[in-house]
Every structure is written in C-alpha cells, then in structure tokens.
S.K.: 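I have a structure here, written as structure tokens, and I will follow up with some questions on it.
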Protein chains: 2
Amino acid sequence: MQDILFDFISKYVSLTEEEKNALLSLDLFHSAKKGTILLKEGQKSQENYFVLKGCIRVYYIVDGEEKTTAFYTEMEGVTPHCAINETYSEYYVSCIEDSILLVSNSDMGVEMNSKFPKFEIMCRMLSEELLAKKIIDFDEFKISSPEQRYLNLLQKRPDLIQRIPQYQLASYLGIKPQSLSRLKARILEKSTE
Amino acid sequence: MQDILFDFISKYVSLTEEEKNALLSLDLFHSAKKGTILLKEGQKSQENYFVLKGCIRVYYIVDGEEKTTAFYTEMEGVTPHCAINETYSEYYVSCIEDSILLVSNSDMGVEMNSKFPKFEIMCRMLSEELLAKKIIDFDEFKISSPEQRYLNLLQKRPDLIQRIPQYQLASYLGIKPQSLSRLKARILEKSTE
DNA sequence: AGTATTTCTTAACTTAAGTGAACGAGTTAA
DNA sequence: TTAACTCGTTCACTTAAGTTAAGAAATACT
C-alpha cells in the first residue's frame, strides 16, 4: 500500500528516503469498513481523507433527503471545507466500500510543507490540477442535460455506475432516483427501436 | 492599480521591495475593451488572466449556441485549461466590460516560483482556496433547482445580475433565457400575491 | 431459509424547463 | 429618420423532471 502512495507522489516530485520515512512516521494509513461515517453535518474536524482503495462519498441532507455531490475513489481525496475554515461541516462523508485511507490533518500538512519544500510544490501542483479538473467537470455539468450527463459518466467512469447505488448516482447527476430510472429506460428504448 | 494587486497579495504573503519589483518588471498590466475576445475555441494559448477591474466570461459554443459557464470579476482570475495541458481550447474567453487585467503566462509563473519560494506558497494557498470555493459552488449547483440558484445568486452576487446580460446569466444558471424570464415572473408573482 | 429492509423500477399525475415564434424596447448603422 | 439587430419578455406547445404511491428485486439480518 505504501508503494502505491509513493508511486502516486513520484508523478509530482521525487522523494528521498528521509522524506519517505518522515511521511511514513505520520501513521497515515487507516482502514475503514463500508458504511463508516467519517464526518457528520454539524461536526468540526481537521481530517483530510485520501483514498488508496475503496470509495467515499460526500452528501448533504436537505429536507430529510440525501443529496450526494461527490465520490472519491482510488488516488482521489477530500479536504472537507470545515477543516479549512474551521466551521461546522455542512455535509457528511462516508465510506461506501471497505476502504484503505490516508487520514491526515492540516498540522501534518503545515509541518511537512515547512520541513520539505517539495511537499509545498507537490501540494501546489495537486491543487492546481484538481482545480482545473473541477472547473471542467462543472462546465460539463452546466452545459449538459441529465441524460447527457449520464451518458458522459457512462463513457468516463463506467466503474462508478457499477459500484455505486443508483439513488446516490441520481443526485450526483442532479436528479431524483425515479428520473434516473426513467432516463435509463428511455435510452434503452432509443437504442433498440 | 499596482496597490490593488499588492493589497491582494498581502493577504497571502508579504513581499519585499525586491519581490514587488520583480513582479512589476514582468509587465503584467493590460487594459482590454468591452467585447475583446481573449481566447477562442480551437486556439492554443499560454496566457492567464486575472481581473483587476471589469469582468470576463468563459463560454462554449454548442450547436451554435453560447453556453456561459463562468464570470470572473475583480480579484478573480482564469487559467484556461489549454494553457495547462497545451491543447486547443474548447471555449472562448471574452471581456464583457472595459477591463484592466493581469496577463501572465506559465513561464512567468515557473520563473517566479523558482526565484521566490513565497510565490510557490501563495500559489498553493490560492489554488487550495479556489478549489474549496469551486467545490462548494458545484455542490450548491447540484443540490438546487434553477429557481433556487437564481435566488441564491441574488443573495450572493447581486452585482452579477445587474451587470450581466440575461441570456448569459441564463446558461450560467443552467437554463435557457426564456426559462429565466419565466422564472423571474414566477418569483415576482409569488411575492406579490 | 425466511423475514425485514433497502433499493430499484414503473405508473399516473403535476410542475417546470425546452422549443419555436412573435412582439416591443433599445441600440446601431445606413 | 428609417431600417436592421439585439435583447428581453411572453405565449402556446412539447418534453422531461418532480411527486406520490405501489410493487418487484436485491440485500441484510436472525
């Protein structure tokens, strides 16, 4: 599992043994069972989660209804908003599969960044890359209909459609579960007629 | 105008005179008339735009129709995707008001980052902050109806509704201009009944 | 295995957004 | 000043999503 992490990091910077050891000494690796809630609405938390294996999701509860806004799978991570600006969380974060996570907090980040300038560089590269991706995703979402979004997801992340409950996928696509069912039936109809 | 820039930067890092001069020597300040197209679909460009005054927008043209996905006003900026991964741009960027912009390219970024570690730190802070904001904006977009999005915008960015043509606002809200008109009439009806 | 619970789908109906067209106000250009 | 355009709004109609409810299918529990 450590190798997977170091492989990932090596795409951005190359670490010395000392730096690798510093990273390992932070005791970041944790496993979490499916269903584990990592963060609840109204909680304060400093923790960041990076998925080495498995899948976590972010969801809001609005008028008693879950609204899923994001999934994070292998080599993706979340820094909850409440960990940045020290407020109470507006959303939940939970594991939807048995997962292996890197759990860190901002103190560790600050420490690593000040000890090793390389981490600073890696963090900049990573967040710039993620920002660019998010903007593209948001743009695509805005310029597409729910049906196009579904077809798009089918192309780009077919795994998500397989591994994730449909009712969670629905709000991820900005619609209700019933509409997702209908939409899929409509697509099937089109393709067979 | 320079002071506005330095004030903004001072929220993240404090610059020495040397650093300020290095920044000024890059000749970043440019003015652009309303209607200027900074980037076209299919073009390659290395330029980043940061708005000191005015407003720029990002839009796609899909089936001959403009789809506006973002506005950037004072103290906000764009790094077009094509400038990052050196591909052809999928969208347009244009000034919708007479504007004063900082125009930079990635070479300048690399140079400043390597000369002054402070810039590296500022860039990390900035992109982390922007990423967090984008995620929140995207979440809100997903969990809201077009009407809620409009009311939300009215609260958070009333200036945008004033200064921006309605047909551009509409696609920014994920709908057609006719639907925006209807939606506004609906809201007005509700509030007066 | 059998029961309980959750999730997915279908259906009928309501509401809102998409579409195509028309009109008026405001702007620009000849 | 008139003619051409652009933009915002309204209307009638179509299409798709929201809502409520019911039942089937899958999953979890004992």
Side-chain angles (χ1 to χ4, degrees), chain A residues 33-37 55 57 59-68 71 92 94-98 141-154 160-193, chain B residues 33-35 37 55 57 59-68 71 94 96-98 141-154 160-190 192-193:
Chain A
K33 286 262 165 222
K34 174 176 178 175
T36 306
I37 294 183
C55 182
R57 88 173 156 126
Y59 61 101
Y60 295 71
I61 294 188
V62 185
D63 301 330
E65 257 187 9
E66 285 183 11
K67 305 260 190 179
T68 300
F71 301 104
Y92 295 77
S94 83
C95 286
I96 62 172
E97 294 173 1
D98 292 348
F141 193 93
K142 270 186 188 167
I143 67 180
S144 309
S145 65
E147 185 171 326
Q148 288 169 321
R149 283 175 215 149
Y150 176 78
L151 291 170
N152 195 21
L153 195 66
L154 207 54
L160 284 187
I161 293 177
Q162 293 308 314
R163 71 205 277 194
I164 287 167
Q166 300 301 296
Y167 77 98
Q168 292 173 13
L169 261 187
S171 50
Y172 182 69
L173 294 170
I175 56 177
K176 302 278 149 131
Q178 298 92 316
S179 297
L180 178 55
S181 277
R182 181 167 38 197
L183 180 158
K184 287 193 288 184
R186 200 165 60 219
I187 290 170
L188 209 66
E189 210 175 69
K190 279 182 199 166
S191 69
T192 56
E193 81 189 2
Chain B
K33 286 265 164 221
K34 174 177 177 174
I37 294 184
C55 182
R57 89 173 154 124
Y59 61 100
Y60 294 70
I61 295 188
V62 185
D63 300 331
E65 258 187 9
E66 285 184 12
K67 305 259 189 179
T68 300
F71 301 105
S94 83
I96 61 172
E97 295 173 1
D98 290 349
F141 193 93
K142 271 186 187 167
I143 67 180
S144 309
S145 66
E147 185 171 326
Q148 288 170 323
R149 282 175 215 150
Y150 177 77
L151 292 170
N152 195 21
L153 195 66
L154 208 54
L160 284 187
I161 293 177
Q162 293 308 314
R163 71 204 277 194
I164 288 169
Q166 300 300 296
Y167 77 97
Q168 292 175 13
L169 262 187
S171 50
Y172 182 69
L173 294 170
I175 56 177
K176 302 278 149 133
Q178 297 94 317
S179 298
L180 178 55
S181 278
R182 181 167 39 196
L183 178 159
K184 287 194 286 185
R186 201 165 59 220
I187 291 171
L188 209 66
E189 211 175 68
K190 280 182 198 166
T192 55
E193 79 189 4

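Hydrogens, waters and symmetry mates are skipped; everything else that's a heavy atom, side chains included, is used. All chains are named by letter (A, B, ...) in the order of the sequence lines, taking the proteins before the strands, and each is independently numbered beginning at 1.
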S.K.: Answer yes or no: is there a side-chain heavy-atom contact under 4.5 Å between B/Y172 and B/I164?
M.R.: no

S.K.: Would you mind reading off the distance between A/R149 atom CZ and C/dA17 atom C1', rounded to a whole angstrom?
M.R.: 12 Å

S.K.: Rounded to the nearest Å, what distance is computed from the OH atom of residue B/Y150 to the C1' atom of nucleotide C/dA17?
M.R.: 17 Å

S.K.: Using chain B heavy atoms and a threshold of under 4.0 Å, write down where along DNA chain D the contacts begin and end, 5' to 3'.
M.R.: D/dC7 to D/dT10

S.K.: Using the six-membered ring wherever Trp is involved, compare the ring planes of B/F141 and A/F141 and label them parallel, tilted or perpendicular (cut-offs 30° and 60°).
M.R.: perpendicular

S.K.: If you define the side chain from C-beta out and look only at heavy atoms, does anything of A/Y150 sit under 4.5 Å from A/K184?
M.R.: yes

S.K.: State the CG-CG distance between A/L169 and A/L180, to the nearest 0.5 angstrom.
M.R.: 6.5 Å

S.K.: What is the distance from atom OG of A/S94 to atom NZ of A/K34, rounded to the nearest 0.5 Å?
M.R.: 10.5 Å

S.K.: Heavy atoms under 4.0 Å is the rule here; annotate nucleotides 5-14 of chain C 5' to 3' with B where the base is hit, S where only the sugar-phosphate is, and - elsewhere.
M.R.: --SSBB----

S.K.: Would you check if the side chain of B/S171 reaches a backbone N or O of B/T68 as a donor-acceptor pair within less than 3.5 Å?
M.R.: yes

S.K.: Specify the closest pair of heavy atoms between B/Y167 and B/R57, including all atoms of both residues, with the distance to one decimal.
M.R.: OH-NH2, 4.5 Å

S.K.: Less than 4.5 Å apart, any side-chain heavy atom of A/P146 and any of A/L173?
M.R.: no

